[in-house]
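Have a look at the structure below before the remarks.
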Amino acid sequence: MRRKLVVGNWKMHGSLAQNESLLSAIKSGAVQLSRVDIAVCAPFPYLAQLKQELAASAVKWGAQDVHQLEKGAFTGEVSASMLADFGCTYVIVGHSERRNIYGETSRLVAEKFAAAQSAGLIPILCMGETLEQREGGETESVVAEQLDAVIALVGVQAFGKAVVAYEPVWAIGTGKTASQEQAQAVHAFIRQRVAGHDAHVAEGLVILYGGSVKAANAPALFAMADIDGGLIGGAALVAEEFLGICRAGQ
Ligand code: PGA
């Protein structure tokens, strides 16, 4: 039985003061939630705050993006070894906002995944189709291409120490959640595709759903066989919503 994982993706939101009250509520709520793994991914300037505030808590933390190379003349970028050095556990790679707004290709995302893992971080690899792609019947081929690019670069064994997040682009921040059946179908497809390479790795792989998850819809989503938790945007900024989602994973 896979443990559920709930990850808050704060995106470009927060301030020291806002984060402090959010983190103190999450920390105290998390004490009661020993059967679910919880993590928060914040903008770089707030990682020090997460490190300090969450030091004595079971809540893990990480970053939202990473550069694919180890070091060099890349003004403004942050390497995986820096994040690991600082104490991050997780890093999100290939979020649809990075793919769609910043033009990150599946190959680049795979390189970021590889860099994260070789530094000892756990990559949270995001994938998902746009509305147009879903309506065009391309959901599986889009997700397969995003997954296969990583398998081709690092091999399927790498998924033994990674998390996948299925996030249909049309459901992110729109209030439109995929139904639990729609999400389950894609999660099962992802797991089967990994199983085609290694059944054991597939069985242990944590596959999160993301896209307008809220405390109200989390129980139904998390009840599905292949949905192992959530990657939470908007609702991660509201302590009671986020903790409600975590409780659904308990
Ligand atoms: P949302 O975002 O929960 O606000 O839809 C999810 C995400 O982008 O990770």
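Note that ligands are numbered from 1 as they come in the structure, with each ligand's atoms numbered from 1 the same way. Being a predicted model, the structure only gives us computed values, none of them experimental.
At a 4.0 Å cut-off, not a single heavy atom of Ala165 sits close enough to ligand 1 to count as contact. A heavy-atom separation below 4.0 Å is found between Ser212 and ligand 1. Within the structure, the closest approach of Ala235 to ligand 1 does not fall below 4.0 Å when heavy atoms are considered.
If you check the side chains of Glu132 and Trp170, you find no donor sitting under 3.5 Å from an acceptor. Counting only N and O atoms by type, the side chains of Ser106 and Gln146 include no donor and acceptor under 3.5 Å apart. Glu104 and His95 form no side-chain donor-acceptor contact under 3.5 Å, judged by distance and modelled atom types alone. For the residue pair Tyr166/Glu129, the side-chain donor-acceptor check at 3.5 Å is satisfied.
Counting only non-hydrogen atoms, the option in Cys41, Gly128, Gly233 that gets closest to atom 3 (O) of ligand 1 is Gly233.
Every atom of ligand 1 with a heavy atom of His95 under 4.0 Å away is listed here by number and element: 7 (C), 8 (O), 9 (O). The distance from ligand 1 to the heavy atoms of Asn9 drops below 4.0 Å at these ligand atoms: 9 (O). Taking every heavy atom of Ala171 and a limit of under 4.0 angstrom, the matching atoms of ligand 1 come to 5 (O). Of all atoms in ligand 1, numbered sequentially from 1 with element shown, those under 4.0 Å from a heavy atom of Gly173 are 1 (P), 4 (O), 5 (O). Contact atoms of ligand 1 toward Gly211: 5 (O) (distance under 4.0 Å to a heavy atom of the residue). Taking every heavy atom of Lys11 and a limit of under 4.0 angstrom, the matching atoms of ligand 1 come to 2 (O), 7 (C), 8 (O).
Counting only heavy atoms of the protein, atom 9 (O) of ligand 1 lies nearest to Glu167 OE2, 2.7 Å. Atom 4 (O) of ligand 1 has its closest protein heavy atom at Gly234 N, 2.8 Å.
Salt-bridge formation is detected for the pair Arg107/Glu111: a Lys NZ or Arg NE/NH1/NH2 atom is positioned less than 4.0 Å from an Asp or Glu carboxylate oxygen. With respect to Arg191 and Asp226, a salt bridge is recorded, a charged nitrogen being found less than 4.0 Å from a carboxylate O. Between Arg193 and Glu140, no side-chain nitrogen of the basic residue sits less than 4.0 Å from a carboxylate oxygen of the acidic one, so the salt-bridge criterion is not met.
Contact check for Ile38 versus Lys60: no side-chain heavy atoms found under the 4.5 Å cut-off.
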